[in-house]
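Atoms considered below: every heavy atom in the structure, side chains included; atoms not considered: hydrogens, waters and symmetry mates. Below, chain A is the first sequence line, B the second, and so on; all start at residue 1. Quantities reported herein were computed from a predicted structural model and do not represent experimental measurements.
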Protein chains: 2
Amino acid sequence: MRPPLPLRDAAERSDAARNRERLLSAARELIGECGAAGLTMDRLAEQAGVGKGTVFRRFGSRAGLMLTLLSDSEAAFQERFMFGPPPLGPGAPGLERLIAFGEERIAYIIEFGELALAAEDATHGRSQPPAAALWHRHIEVLLREEGFDADPWLMARSLAATLAPDRLLNLLQVHGVSAGRLGATWRDLVTRVVSGA
Amino acid sequence: MRPPLPLRDAAERSDAARNRERLLSAARELIGECGAAGLTMDRLAEQAGVGKGTVFRRFGSRAGLMLTLLSDSEAAFQERFMFGPPPLGPGAPGLERLIAFGEERIAYIIEFGELALAAEDATHGRSQPPAAALWHRHIEVLLREEGFDADPWLMARSLAATLAPDRLLNLLQVHGVSAGRLGATWRDLVTRVVSGA
DNA sequence: AATAGAAACGGACCATAGTCCGTTTAGATC
DNA sequence: GATCTAAACGGACTATGGTCCGTTTCTATT
């Protein structure tokens with residue numbers, strides 16, 4: 001007796017690991033050729049030489065795949081604003097950190113925006129990237145630090161809405177707005193919100 | 001000779017008009033039953049007793065249909081903030097009009113948000129409702145009126161991002177935020193932005 | 001090595017938005 | 001009323017994200 005009693009965190013099966021690698025590298029290749037928007041799950045499965053079911057078992061959805069592809073750069077971004085050097089990381093005044101956060105986010109979107117956008121429409125706007133909760137919290141904490149007392153939770157989300165990938169990409173690509181101009185308006189916005197406190 | 005030379009703005013053919021009415025009333029009925037999110041173009045065609053091609057010929061896309069369904073209430077909303085009584089319409093100071101605008105918009109989303117949301121993802125976030133340009137412009141003008149000189153165009157869009165249907169609906173429905181709280185944060189936001197000028 | 005059962009696999013299948021094109025029809029002209 | 005043409009029609013077809021479930025494969029256990 002003693003049925004295997006699945007140990008938590010059992011190691012990934014070797015075929016699963018191999019297929020995951022195949023899928024990720026095929027995805028990067030396809031995105032290199034056609035852009036993130038041009039990647040279809042069928043083509044990905046074909047390119048990786050696995051069945052379509054395997055793709056979805058692995059990543060859950062198209063958005064999940066994109067999230068996986070982003071996870072490294074996301075983690076690095078989080079690391080920087082949570083533990084990195086000032087003014088983005090701890091050590092600088094809240095307002096400066098807020099300003100730096102927006103500027104970094106804008107730079108991030110310029111680099112990874114297409115992926116970030118594709119990672120968002122998990123069934124159309126539902127469930128944002130899990131990382132979003134962190135940004136919100138981060139902004140909220142900085143607002144509080146600057147003495148913003150009136151509903152910092154909601155104000156943090158309002159400010160974060162300003163940095164959403166779809167909006168930023170639209171401004172950058174469709175309207176030809178420069179990163180500098182986006183950064184300046186962000187700085188202006190958070191400065192006024194904080195200084196009015 | 002003299003080939004018909006299609007007069008501009010030729011009257012709509014009677015069968016076309018009849019089918020448009022059928023489609024709109026079928027759409028309202030289906031939305032009443034299943035909600036806007038539950039309306040599919042196939043079911044709409046079936047319910048209206050027309051072919052699917054007719055549906056798309058008429059409205060162009062699902063988003064186009066939703067836009068058509070919204071057009072009356074949109075027009076009324078525009079009318080109110082452009083020509084209606086203060087504080088929403090002209091006659092009140094810019095800041096008060098801004099505050100009223102946000103509050104009206106929040107109320108609008110509470111009433112028509114589901115439709116507005118469905119009207120947005122025309123091929124995922126591209127081309128916002130044409131009305132958006134008007135709101136942006138409106139906010140921009142009010143900002144200028146209050147002496148906001150640094151990039152009012154972009155700041156107007158940043159503020160408008162705060163009122164996007166998907167965000168407001170998410171806060172209202174998922175997070176249980178009240179309309180009053182949304183309104184208060186909007187008021188706070190625009191007040192600080194304007195008063196820093 | 002044999003075995004068993006959990007995990008992974010694959011691809012047919014489904015739902016839905018949107019396109020295409022051969023057919024029908026309104027309505028203007030003669 | 002017959003005719004003609006542009007507009008409208010309809011529904012089969014495509015593309016794509018996502019699901020289902022019978023089959024295969026890995027690996028721990030004996």
- prompt: Are B:E96 and B:R187 within salt-bridge range, i.e. N to O under 4.0 Å?
  reply: no

message: Would you say B:T54 places a side-chain N or O within less than 4.0 Å of OP1 or OP2 belonging to D:dG10?
response: yes

query: To the nearest Å, how far apart are B:L30 CG and C:dT16 C1'?
result: 15 Å

- prompt: Should B:E12 and B:R58 count as an ion pair when the cut-off is N to O under 4.0 Å?
  reply: yes

- prompt: How far apart are the C-alpha atoms of B:S158 and A:R167, what are their side-chain angles, what is the distance that settles it, and do they pass the side-chain hydrogen bond (donor to acceptor under 3.5 Å, both in side chains) test?
  reply: CA-CA 9 Å; B:S158 295; A:R167 195 183 93 90; 3.0 Å; yes

query: Under 4.0 angstrom, heavy atoms only, what part of the nucleic acid is A:R43 near: base, sugar-phosphate, or nothing?
result: nothing

- prompt: Is the phosphate of C:dC9, meaning OP1 or OP2, less than 4.0 Å from a side-chain N or O of A:R58?
  reply: yes

query: Taking CE from B:M41 and C1' from C:dG18, how many angstroms apart are they, rounded to a whole number?
result: 9 Å

- line: Taken to the nearest whole Å, CZ/A:F56 to C1'/C:dA12 is 14 Å

query: DNA chain D: A:R13 or B:R18, which has the more 5' nearest nucleotide?
result: B:R18

query: Once you round it to whole Å, what is the distance between P of D:dC13 and CG of B:D42?
result: 15 Å

- request: Just do the salt bridge (Lys or Arg N to Asp or Glu O under 4.0 Å) check on B:R157 and B:E140 with the steps written out, would you?
  value: CA-CA 8 Å; B:R157 284 173 176 260; B:E140 182 188 346; over 6 Å; no

